[in-house]
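Just so it is clear, the model here is predicted, and its values are computed rather than measured.
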Amino acid sequence: MAEAAGLLGCTPSYLRRLCRTGAIPAQRITGGWIIEAGALDDYRHGSTDGKSGPAPTP
């Protein structure tokens, strides 16, 4: 979670909230989350499923 949050430039707790709400597709497992790299990229660069993500950074 810390590594993925670092890639997005947010805190791990915020990333967990994004996963819980479905803003980032993820699977809950015992003790954590599984997030595919593609899901992080989609969110970081603006999602392709109609949900808004952060603006791309130059």
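For the atom pair CD1 of I24 and CG of D42, the computed distance is 9.5 Å after rounding to the nearest 0.5 Å. To the nearest 0.5 Å, atoms CZ (R28) and SG (C19) are separated by 9.5 Å. The distance from the OH atom of Y43 to the CG atom of L18 is 4.5 Å, given to the nearest 0.5 Å. Within the model, atoms CG of L15 and CG of L7 stand 9.5 Å from one another, a figure rounded to the nearest 0.5 Å.
Identified under the side chain to side chain donor-acceptor pair (under 3.5 Å) test for residues 1-15, with sequence neighbours left out: T11-S13. Residue pairs meeting the salt bridge (charged side-chain N to carboxylate O under 4.0 Å, His left out) criterion with at least one member in residues 13-26, sequence neighbours excluded, do not occur.
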Atom pairs and distances, side-chain donor-acceptor, residues 29-39, under 3.5 Å, sequence neighbours left out:
none

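Of all non-hydrogen atoms in A2 and P12, the two that sit nearest each other are CA-CG, 4.0 Å.
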